[in-house]
Number of protein chains: 2
Amino acid sequence: MPRPAKRATSADVARAAGVSRATVSYVLNNRPDQSIPDTTRRRVLEAAESLEYRPHGNARSLVSGRSDIVLLSVPDLPIGTGISRFVEEFAAALAEHGLTLVTHLAAARGRPLPDVCATVGATAVTGFAPFDADTARALRAAGAEVVLPSPTDVPDIMLPIGSIQAEHLIGRGHQRLGYALPAHPRFQQMAAERLRGVEQACVETGLQPPVTATVSLDVGVAADAVTNWIGQGVTGICAFNDETAVAVLAGAQSRAVRVPEELAVIGVDDILVAPLTNPPLTTVRFDLHAVARRRAELVVAGLTGHDAPAATESEISAGLVERSST
Amino acid sequence: MPRPAKRATSADVARAAGVSRATVSYVLNNRPDQSIPDTTRRRVLEAAESLEYRPHGNARSLVSGRSDIVLLSVPDLPIGTGISRFVEEFAAALAEHGLTLVTHLAAARGRPLPDVCATVGATAVTGFAPFDADTARALRAAGAEVVLPSPTDVPDIMLPIGSIQAEHLIGRGHQRLGYALPAHPRFQQMAAERLRGVEQACVETGLQPPVTATVSLDVGVAADAVTNWIGQGVTGICAFNDETAVAVLAGAQSRAVRVPEELAVIGVDDILVAPLTNPPLTTVRFDLHAVARRRAELVVAGLTGHDAPAATESEISAGLVERSST
DNA sequence: TTACCTTGCTTACACGTGTCAGTTACTCGA
DNA sequence: TCGAGTAACTGACACGTGTAAGCAAGGTAA
């Protein structure tokens, strides 16, 4: 096949429009302090259009020292579908500020995050959990100006989820709750936050704290946990996420424990199969739209040096999806 | 906090080592055609180490015209967990060749892919389905030298999956098969490939082609499909993926159709909840390790200009996970 | 007329890197 | 002693962009 023409540069556009390269730059970045007549402006824009000119990000960031690239580090976890919605929303929110999002899956055998940061030239790096001090320092040394979240940002998202679960069950009259922790070690931090939310709700309504059990995705393990809960008088289970909740449902079924009559179960995430379980799973879907938008605000604020607008309670909106498992 | 020192450049290293910048470049990229005594070499390396020097990827790719960055476009779909394993494996395979992977979620409201390609300066762009001609052209114009997969690459991955499903059911004695298509429009292309694999297997063993039905993630829809299949004498269902399979299971249960006695069901992906369904779901897990490695080979081959080693049959290894739904 | 401002441009430099073409200083054979 | 060769290094350019500084032409005020 014929080798396609090399990508157009601003010099090509300048030649086509019959002006200097500087004029092209002024028009395309439409700088207010430069006065450029409409005829010239249009000539440049048309030339850029017809040549399919796209500014070379590397060259641009080389001179400006700042790159419009935001790097999102995605943890190497069995990721739920929710994350892709977060990413989508986050990317859209950043795009409104002219920022481009790329994601990198942090795996043991892949490149270390600071290297990736340096090669793509990201100005901001963000992730789901706060980075440890060493990594944060390395990221800054690799050129990142903003590293988020800081340790104070995370609880705002996770804690209310547990509260919503517990309040729903308590509202239905349950007096003794259980909490199903995930088995995967990397979920532990997130799980601890959500559990704390459940505990808070219990304390506030005068109940005892929930009876915790680690439930792997195995029917036998889940069944044992169910038997134990029933023995302790537990009637409602908050599960860390929907997969764990499905395991609890399977465990209950294998021990002939009726759901929701004998044991109510509520999950988190509203995964695709949640409406298809037996009985259909009640769950909490938290609004990634708002979380993503908030995160984007924090990034932009960090980049511009302004303070971020304070988070209002209503921004973190997690919603109950009521089905028949509670 | 004290503003951290600006990142070190190769000029800083040169000054610290008492040599010229060119020498620094020769040492760090250890070029064989330049003879550099060990004393000098060590001086440079030590200076680079102590300054925490990392070459500036933007500047490097600006001059070389090539960037070590591979961009993976992830479709805006309800993504299965399998994809993250693919990404992990792909990134690791690319890293062995000194390439860095970043992913971008292609969403309607985000940036168009060619823009992202241009801003990060990717030399290769790849995705799960082939790009349409316009997009491919735009990507090339944005600086991508390699755009994959080409339309001829995809069937190799998807088609055998359908075959494995069908052969498993046929081997169990089923004479009339059904195929459960997904409802989401963006899955259609992938589904068509997998369905073709099922059809091939049927033809080869002298069976009639499968009875297709579109099954959304809704119990009612799935139940109607099940009734229809039973009415046509179908005894085994190949589902597009595990979510669709779970819907079929739920539909069967709501119509009191016993699985697997009256209707066998097999999915694809081995999602987390697959062992937890009732009955536990038989499924096909395809080896993303091999697919990712193959894809990385294609990318590297495209960048070096060499031909890629031909795919052997054994590289595309998809494995049956037998449970009780068949 | 002269001094000075505005408009509409252009010229020239900087960013950090890789690399080619020189340029020393030294060794070696005749 | 002299030319040639080689080891060890340096100077300068290019990549594509943003932008400060400058410049010609025309207008305006004194």
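Each chain gets a letter, A, B and so on, in the order the sequences are listed, and its residues count up from 1.
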Set of side chain to side chain contact (heavy atoms under 4.5 Å, CB included) partners for [X], sequence neighbours left out:
X      : value
A/D132 : A/D134, A/T135
B/N30  : B/R41
A/S73  : A/A106, A/L113, A/F131
B/E88  : A/D76, A/L105, A/A107

Q: Using chain B heavy atoms and a threshold of under 4.0 Å, write down where along DNA chain D the contacts begin and end, 5' to 3'.
A: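 Nucleotide range in contact with chain B: D/dA7 to D/dG16.
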Q) For B/C117 and B/L139, which heavy atoms make the closest approach, and how far apart are they? A)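 Reported closest heavy-atom pair: CB-CD2, 4.0 Å.
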Positions of [range] (non-hydrogen atom under 4.0 Å from DNA chain D), listed by number:
range                       : answer
residues 52-64 of chain B   : B/L62, B/V63
residues 18-39 of chain A   : A/R21, A/A22, A/S25, A/Y26, A/N29, A/R31
residues 111-119 of chain A : none

Q) Charged N to carboxylate O below 4.0 Å: is that the case for A/R42 and A/E49? A)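 No, no charged N to carboxylate O under 4.0 Å.
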Q.
Considering only residues two or more places apart or on different chains, which pairs with a residue in residues 17-64 of chain A satisfy ring pair (Phe, Tyr, Trp, His ring centres under 6.0 Å)?
A.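 Residue pairs with at least one partner in residues 17-64 of chain A: there are none.
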Please list, one pair per line, the donor and acceptor atoms closer than 3.5 Å that link side chains of residues 15-22 of chain B to other protein atoms, with sequence neighbours excluded.
from  : atom 1 : to    : atom 2 : distance (Å)
B/R15 : NH1    : B/D12 : OD1    : 3.3
B/S20 : OG     : B/A22 : N      : 3.4
B/S20 : OG     : B/T23 : N      : 3.4
B/S20 : OG     : B/T23 : OG1    : 3.3
B/R21 : NH1    : B/S10 : OG     : 3.4

Q) Can you check whether B/T103 reaches B/L71 side chain to side chain, under 4.5 Å on heavy atoms? A)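 Result no, sub-4.5 Å side-chain heavy-atom pair not found.
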Q: Flag the pair A/L94 / A/V299 as yes when at least one side-chain heavy-atom distance between them is below 4.5 Å, and no otherwise.
A: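 Contact flag for A/L94/A/V299 side chains = yes.
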Q) Can you tell me if B/T100 and B/D68 form a side-chain donor-acceptor pair at under 3.5 Å? A)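 No, B/D68 and B/T100 have no side-chain donor paired with an acceptor closer than 3.5 Å.
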Q: Return yes if a side-chain donor-acceptor contact under 3.5 Å exists between B/S61 and B/R66, otherwise no.
A: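 B/S61 vs B/R66: no donor-acceptor pair found between side chains.
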Q. What pairs meet the salt bridge (charged side-chain N to carboxylate O under 4.0 Å, His left out) rule with one or both residues in residues 96-125 of chain A, with sequence neighbours excluded?
A.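 Residue pairs passing salt bridge (charged side-chain N to carboxylate O under 4.0 Å, His left out), neighbours aside: A/E96-A/R293, A/R109-B/E89, A/D115-B/R54.
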Q.
Please check if the number of heavy atoms outside A/Q188 that lie under 6.0 Å from its CD is greater than 12.
A.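 Atom CD in A/Q188 is packed in, count exceeds 12.
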Q) Where the side chain of A/T304 meets the backbone of A/V300, is there a donor-acceptor pair that is under 3.5 Å apart? A)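 Yes, A/T304 side chain to A/V300 backbone: donor-acceptor pair under 3.5 Å.
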Q. Using the C1' atoms of five pairs at each end, what's the angle between the two axes of the helix from C/dT1-D/dA30 to C/dA30-D/dT1, to 10 degrees?
A.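 Helix axis angle between the two ends: 70°.
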